[in-house]
2 protein chains.
Amino acid sequence: MRAAVLRDGRMVVRDDVPDPVPGAGQVLVDVKACGICGSDLHFAKHGDEMLAAGAQMEGLPDINAGIDLSRDIFMGHEFSAEILDAGPETETHAPGTLVTSIPALISTTGVDMIVYSNTTIGGYAEKMLLSAPLLLPIPNGLDADRAALTEPMAVGLHAVNAARIERGETALVVGCGPVGIAIIAALKQRGVENIVASDFSPARRELATTMGAHVTLDPAEDSPFHQCQPKVVFEAVGAPGIIDDVLRRAPAGSRLVVAGVCMQPDTVHPFYAITKQINIQFVFGYDPAEFANSLRAIAEGEIDVAPMITGRVELDAVGDAFTELADPDRHCKILVTP
Amino acid sequence: MRAAVLRDGRMVVRDDVPDPVPGAGQVLVDVKACGICGSDLHFAKHGDEMLAAGAQMEGLPDINAGIDLSRDIFMGHEFSAEILDAGPETETHAPGTLVTSIPALISTTGVDMIVYSNTTIGGYAEKMLLSAPLLLPIPNGLDADRAALTEPMAVGLHAVNAARIERGETALVVGCGPVGIAIIAALKQRGVENIVASDFSPARRELATTMGAHVTLDPAEDSPFHQCQPKVVFEAVGAPGIIDDVLRRAPAGSRLVVAGVCMQPDTVHPFYAITKQINIQFVFGYDPAEFANSLRAIAEGEIDVAPMITGRVELDAVGDAFTELADPDRHCKILVTP
């Protein structure tokens, strides 16, 4: 079968990937749509730094241990898919059922994340394996494209939950890429009454408004912190220098939620944060309940993700799509439809 | 009168400082004891960097704006003192009353912090001015030396309050200088059942045990994180590199309270904190209620600060004391007794 893989920092298509075979508790699915995540672009560019940091890190099992950047990497963790077949002794939904799942594959040897792997196939492929116990059937006749947005919207929901923000507290979202937009949608769903969004791109600012921002700001004109007094700041850029800029400018006593995934070392002035007694909550992913809530909110129309879908590509154009996503004025979420 | 001042990075004694004259709402006091704070040592060494960072910072009035490092700087903010005289139309305690106060001087033009100033005299002087509404008489016959520890112990109390730590959560205190020791004492007072303290110095580890640590560790032998699984980590060193080391090694989901005051730029790997969803609460100072609680706890014997007082010097030996404090094996808190 065909799959787009990361090879030497670029996405290339292979047509010689063996069809995966479901084991007990697993299902074989036909990928219907898979969103391209900014973290995939980050990984293509900074994968070596991320793996080095992961190897240095303690306090958590290194889920990426053993990844070999000199071999092909399967990616794609924002998927919707149709069940084709089930493994031996596996009770699950009927073939043809449209499903999604948190990106984890349970096997007899453990749990593999379906994010970056030399062996576990992700959503940038015609077929993949999923775990029967983790499957969520897609309700309400929701289409496969929108269902594929469950995962990135769960990231935004988790960031907002972690922020413990009250409705009356002003939120500033720095960066209106897919993570920032997902945060804006979750803030709106929660009823936050003053959502300010900041991005250099006019197209992204317009999408931020569509998705729930009450005010949008262009940081090229002036610092957002000169134009609003946020209680909670969501950092959704993930590039070096952003955290320190927020610490320098944010009001005393504010809370910073870091949702952007900066994979490089970064310089900060602790003095800014100390003097202003800032709280930083770093967030990552979501829990299974948040993932399920995200699907429910999309399926019930509480969050309309359609405006976020700005492109659809086949497997052979994934490499071009990675390049195109570098232009913030053209795209938010590109779906791969294998 | 005499005062020790910071001049060209060193503490020197002057005998030509005019006696301060109390204005309305102010009192003139005779300084009985004033602790030397690590932040004074930091400021003597990195004052230029701190002032530069403060000038860059937004979101808070720059309380140090206008400080001129080329002129003498008055310091000393951990004091106890005896009332000598009151300003015009000022109702206050009788002369001879032993008092302490948060280090702030209210005047008709505003509030000056009694921390670093070219004009407002601090506790490294024979006499100073305090604000009548902020005075706390020292109860229970507590002596002036112990009363001078009110301020640093309030810093520890504030850090522990900000941590919202539960009694059953393991606390790791990194660095057992005065701030770390004050945190240990506050953790013990709160009833935290597993207080782990880490410091390279045997003398500091012994003091940590005296003040309430259940376990002490020498980081030269092995990382504290290989020997305990803290839920809350208190960073009480304030040097570059410490925050990143904690982020790298701390367990997933742990909380870091940064109480050390690092005045230089610092490099961190956000990736560590993101992947482990760490929370960082930066803390600074205390509120007036915490300051009053700190005095009460010392006066009622809930916290015995006597073991922390490792030296007493006259004004002319403040410079030598600054030098001696660089050796962590010799001293915790040196009191200046003008």
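To find a chain, count down the sequence lines: A is the first, B the second, and so on, and within it residues start at 1. The structure presented is a predicted model; accordingly, all values stated were derived computationally and were not measured.
The two residues B:Val283 and A:Ile274 make their nearest non-hydrogen contact at O-CG2, 3.4 Å. B:Leu60 and A:Ala252 get closest at one heavy-atom pair: CD1-CB, 3.4 Å.
With respect to chain B, the highest number of heavy-atom pairs below 4.5 Å among A:Phe271, A:Phe282, A:Phe225 belongs to A:Phe282. Here B:Pro265 is the residue among B:Gly54, B:Pro251, B:Pro265, B:Ala259 with the most heavy-atom pairs under 4.5 Å with chain A. Residue with the most contacts toward chain A among B:Pro270, B:Ala162, B:Pro240, B:Gly253: B:Pro270 (heavy-atom pairs, distance under 4.5 Å).
Contacts of A:Leu256 with chain B are absent, with no heavy-atom separation under 4.5 Å from either backbone or side chain. Only the backbone of B:Ala250 comes within contact range of chain A, with at least one heavy atom under 4.5 Å from a heavy atom of that chain.
Scored by the side chain to side chain contact (heavy atoms under 4.5 Å, CB included) test, B:Ile106 finds B:Val111, B:Ser131, B:Leu134 as partners (sequence neighbours excluded). Taking A:Ala292 as the reference, A:Leu136 meet the side chain to side chain contact (heavy atoms under 4.5 Å, CB included) condition, with sequence neighbours excluded. Looking at residues two or more places apart in sequence or on another chain, you find a side chain to side chain contact (heavy atoms under 4.5 Å, CB included) between A:Ala163 and A:Ile165, A:Val232, A:Phe234, A:Val257.
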Pairs of donor and acceptor atoms under 3.5 Å between chain B and chain A, please, with atom names and distances.
{"residue": "B:Gln56", "atom": "O", "partner": "A:Arg248", "partner atom": "NH1", "Å": "2.7"}
{"residue": "B:Glu58", "atom": "N", "partner": "A:Arg248", "partner atom": "O", "Å": "2.8"}
{"residue": "B:Glu58", "atom": "O", "partner": "A:Lys276", "partner atom": "NZ", "Å": "2.7"}
{"residue": "B:Glu58", "atom": "OE1", "partner": "A:His226", "partner atom": "NE2", "Å": "2.9"}
{"residue": "B:Glu58", "atom": "OE2", "partner": "A:His226", "partner atom": "NE2", "Å": "3.2"}
{"residue": "B:Glu58", "atom": "OE2", "partner": "A:Arg249", "partner atom": "NH1", "Å": "3.1"}
{"residue": "B:Gly59", "atom": "O", "partner": "A:Ala252", "partner atom": "N", "Å": "3.0"}
{"residue": "B:His158", "atom": "NE2", "partner": "A:Gln277", "partner atom": "OE1", "Å": "2.6"}
{"residue": "B:His226", "atom": "NE2", "partner": "A:Glu58", "partner atom": "OE1", "Å": "2.9"}
{"residue": "B:His226", "atom": "NE2", "partner": "A:Glu58", "partner atom": "OE2", "Å": "3.2"}
{"residue": "B:Arg248", "atom": "O", "partner": "A:Glu58", "partner atom": "N", "Å": "2.8"}
{"residue": "B:Arg248", "atom": "NH1", "partner": "A:Gln56", "partner atom": "O", "Å": "2.7"}
{"residue": "B:Arg249", "atom": "NH1", "partner": "A:Glu58", "partner atom": "OE2", "Å": "3.1"}
{"residue": "B:Ala252", "atom": "N", "partner": "A:Gly59", "partner atom": "O", "Å": "3.1"}
{"residue": "B:Asp266", "atom": "N", "partner": "A:Val268", "partner atom": "O", "Å": "2.8"}
{"residue": "B:Asp266", "atom": "O", "partner": "A:Val268", "partner atom": "N", "Å": "2.8"}
{"residue": "B:Val268", "atom": "N", "partner": "A:Asp266", "partner atom": "O", "Å": "2.8"}
{"residue": "B:Val268", "atom": "O", "partner": "A:Asp266", "partner atom": "N", "Å": "2.8"}
{"residue": "B:Lys276", "atom": "NZ", "partner": "A:Glu58", "partner atom": "O", "Å": "2.7"}
{"residue": "B:Gln277", "atom": "O", "partner": "A:Gln281", "partner atom": "NE2", "Å": "3.3"}
{"residue": "B:Gln277", "atom": "OE1", "partner": "A:His158", "partner atom": "NE2", "Å": "2.6"}
{"residue": "B:Gln277", "atom": "OE1", "partner": "A:Phe284", "partner atom": "N", "Å": "3.2"}
{"residue": "B:Gln277", "atom": "NE2", "partner": "A:Phe284", "partner atom": "O", "Å": "3.1"}
{"residue": "B:Ile278", "atom": "O", "partner": "A:Phe282", "partner atom": "N", "Å": "3.0"}
{"residue": "B:Asn279", "atom": "OD1", "partner": "A:Asn279", "partner atom": "ND2", "Å": "2.9"}
{"residue": "B:Asn279", "atom": "ND2", "partner": "A:Asn279", "partner atom": "OD1", "Å": "2.9"}
{"residue": "B:Asn279", "atom": "ND2", "partner": "A:Gln281", "partner atom": "OE1", "Å": "2.7"}
{"residue": "B:Ile280", "atom": "N", "partner": "A:Ile280", "partner atom": "O", "Å": "2.7"}
{"residue": "B:Ile280", "atom": "O", "partner": "A:Ile280", "partner atom": "N", "Å": "2.7"}
{"residue": "B:Gln281", "atom": "OE1", "partner": "A:Asn279", "partner atom": "ND2", "Å": "2.7"}
{"residue": "B:Gln281", "atom": "NE2", "partner": "A:Gln277", "partner atom": "O", "Å": "3.3"}
{"residue": "B:Phe282", "atom": "N", "partner": "A:Ile278", "partner atom": "O", "Å": "3.1"}
{"residue": "B:Phe284", "atom": "N", "partner": "A:Gln277", "partner atom": "OE1", "Å": "3.2"}
{"residue": "B:Phe284", "atom": "O", "partner": "A:Gln277", "partner atom": "NE2", "Å": "3.1"}

